[in-house]
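Below is one structure, written out as C-alpha cells; the observations come after it.
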Amino acid sequence: MKATGIVRRIDDLGRVVIPKEIRRTMRIKEGDPLEIFTDREGEVIFKKYSPIGELSAFAAQYAETLHKICDLSVVVCDRDAVIACAGVPRRELMDKGISSGLEQVIEKRSFYQYKQGADTVSVTEDGNHTVSCAMPIISQGDLIGCVCSVISGQTADGQPGETEIKLIQTAANFLARQLES
C-alpha cells in the first residue's frame, strides 16, 4: 500500500472526503460504487466496485466461445479496465485501463461501430487494438461496461458485418441479464 500523506477527518455523519487528486488518478466519479474492506491491523481500504468483475470468469468463457466459433477477437471491459479477452494476446490487454475514446463510447450508452474513413477508437491508450464495434452493458439502468469486437493493429480495414454486430449486441445483453439474476 502506498502512503499519500493526505489526512482527512470524519464528519459528524461518518463521511470522509476522498481528495480530488486521488479521485482523478483512480478515475472515481460521483456515483461510482466503492467496496469497503477492513483488515486486522485496522486498515480500511476502498476499492472501486465492478459488478461485472464478479462475472469475469463467465465473460472470459463467453468471449472464448465467440472467438472459437465465429473467429471474432472479443474484449469485455468494465468502465475502467479490460476484464476478459479472446483472440488477442491476454498480456497486452488484460487488466489494462481502457482508452478515453472507449470510455466515451461506453458513456454514450449506445451501440458503436467503426465507419470507413472515421477516426478509430483504441481499446487501451497504447492503440495496438482498435474497436470494430462495441455495445455497452447496461444492467437495471446502470452502466457496467461493454463488449467489443476488436481488430489488431492501429488501423481498421473495414466496417463490421451484420453477424458481428448482432453477436456483440447479444453478448452485451446476455451479460447484463446475468448481472440482474
Side-chain angles (χ1 to χ4, degrees), residues 26-29 32-37 45-114 120-154 156-158 160-181:
M26 299 304 293
R27 299 172 114 181
I28 298 171
K29 298 180 209 88
D32 283 353
L34 298 176
E35 198 167 6
I36 303 169
F37 297 91
I45 301 162
F46 291 92
K47 181 180 175 191
K48 283 186 78 172
Y49 176 70
S50 171
I52 198 157
E54 296 176 8
L55 288 180
S56 61
F58 183 73
Q61 289 176 338
Y62 200 108
E64 193 62 41
T65 301
L66 284 175
H67 173 64
K68 284 182 181 175
I69 294 174
C70 306
D71 198 32
L72 281 179
S73 295
V74 179
V75 169
V76 181
C77 59
D78 62 14
R79 294 179 66 183
D80 296 308
V82 174
I83 64 158
C85 61
V88 292
R90 287 180 48 84
R91 70 181 179 286
E92 289 181 23
L93 292 177
M94 278 302 293
D95 300 321
K96 299 277 176 30
I98 63 172
S99 71
S100 56
L102 184 53
E103 196 173 333
Q104 289 172 0
V105 166
I106 294 170
E107 292 293 327
K108 287 182 182 173
R109 293 177 167 252
S110 60
F111 180 75
Y112 163 85
Q113 78 178 57
Y114 171 76
T120 58
V121 173
S122 296
V123 176
T124 58
E125 290 297 345
D126 68 12
N128 291 334
H129 302 280
T130 340
V131 177
S132 173
C133 63
M135 181 69 185
I137 301 168
I138 302 171
S139 178
Q140 298 177 339
D142 293 332
L143 198 52
I144 306 299
C146 78
V147 179
C148 307
S149 171
V150 299
I151 303 163
S152 293
Q154 293 183 336
D157 54 3
E162 192 173 324
T163 304
E164 179 179 345
I165 290 169
K166 291 294 181 195
L167 287 168
I168 295 303
Q169 289 173 328
T170 301
N173 290 327
F174 185 74
L175 290 171
R177 291 221 170 81
Q178 293 302 305
L179 288 166
E180 292 170 3
S181 47

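By convention here, the first residue in the shown sequence is residue 1.
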Going through the distances and angles, do Tyr62 and Val76 end up as a side chain to side chain contact (heavy atoms under 4.5 Å, CB included)? CA-CA 9 Å; Tyr62 200 108; Val76 181; over 6 Å; no

Determine, for Glu125 against Lys96, whether the closest basic-nitrogen to carboxylate-oxygen distance falls under 4.0 angstrom.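 No, Glu125 and Lys96 are not salt-bridged.
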
Could you tell me whether a side-chain N or O of Ser99 sits under 3.5 Å from a main-chain N or O of Ser122, the two making a donor and an acceptor?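 Yes; judged by distance alone, with no hydrogens or angles, the pair exists.
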
Is it the case that more than 12 heavy atoms not belonging to Glu162 sit under 6.0 Å from its CD atom?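 Incorrect, the count does not exceed 12.
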
Can you confirm whether more than 12 heavy atoms, excluding those of Arg109, are under 6.0 Å from its CZ atom?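 Atom CZ in Arg109 is crowded, with more than 12 foreign heavy atoms closer than 6.0 Å.
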
Determine the minimum heavy-atom distance between [X] and [Y], stating which atoms define it.
X	Y	value
Phe111	Cys133	CZ-CB, 3.6 Å
Cys85	Leu93	SG-CB, 4.4 Å
Ser73	Gly87	OG-O, 3.2 Å
Ala176	Ser139	O-OG, 3.4 Å
Cys146	Pro136	CB-CA, 3.7 Å

Can you tell me how far the [atom1] atom of [X] sits from the [atom2] atom of [Y], to the nearest 0.5 Å?
X	Y	atom1	atom2	value
Ile137	Asn173	CD1	CG	9.5 Å
His67	Ser149	NE2	OG	11.5 Å
Leu179	Gln140	CG	CD	8.5 Å
Glu35	Lys47	CD	NZ	6.5 Å
Leu102	Asp80	CG	CG	11.0 Å
Cys77	Ile106	SG	CD1	4.0 Å

Just do the side chain to side chain contact (heavy atoms under 4.5 Å, CB included) check on Gln61 and Glu64 with the steps written out, would you? CA-CA 5 Å; Gln61 289 176 338; Glu64 193 62 41; 5.6 Å; no

Side-chain contact, heavy-atom cut-off 4.5 Å: Thr124 with His129?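 In short, these two side chains do not touch, never coming nearer than 4.5 Å.
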
Val105 versus Val131: any side-chain heavy-atom pair under 4.5 Å?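 The answer is no; the side chains never approach within 4.5 Å.
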
For Met135, run the side-chain contact (heavy atoms from CB on, under 4.5 Å) check against Ile165, Ile168, Leu167, Thr170 and tell me which one passes.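 Looking at Ile165, Ile168, Leu167, Thr170, the match for Met135 under the side-chain contact (heavy atoms from CB on, under 4.5 Å) is Ile168.
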
Given side chain to side chain contact (heavy atoms under 4.5 Å, CB included), test Tyr114 with Val121 step by step and report yes or no. CA-CA 8 Å; Tyr114 171 76; Val121 173; over 6 Å; no

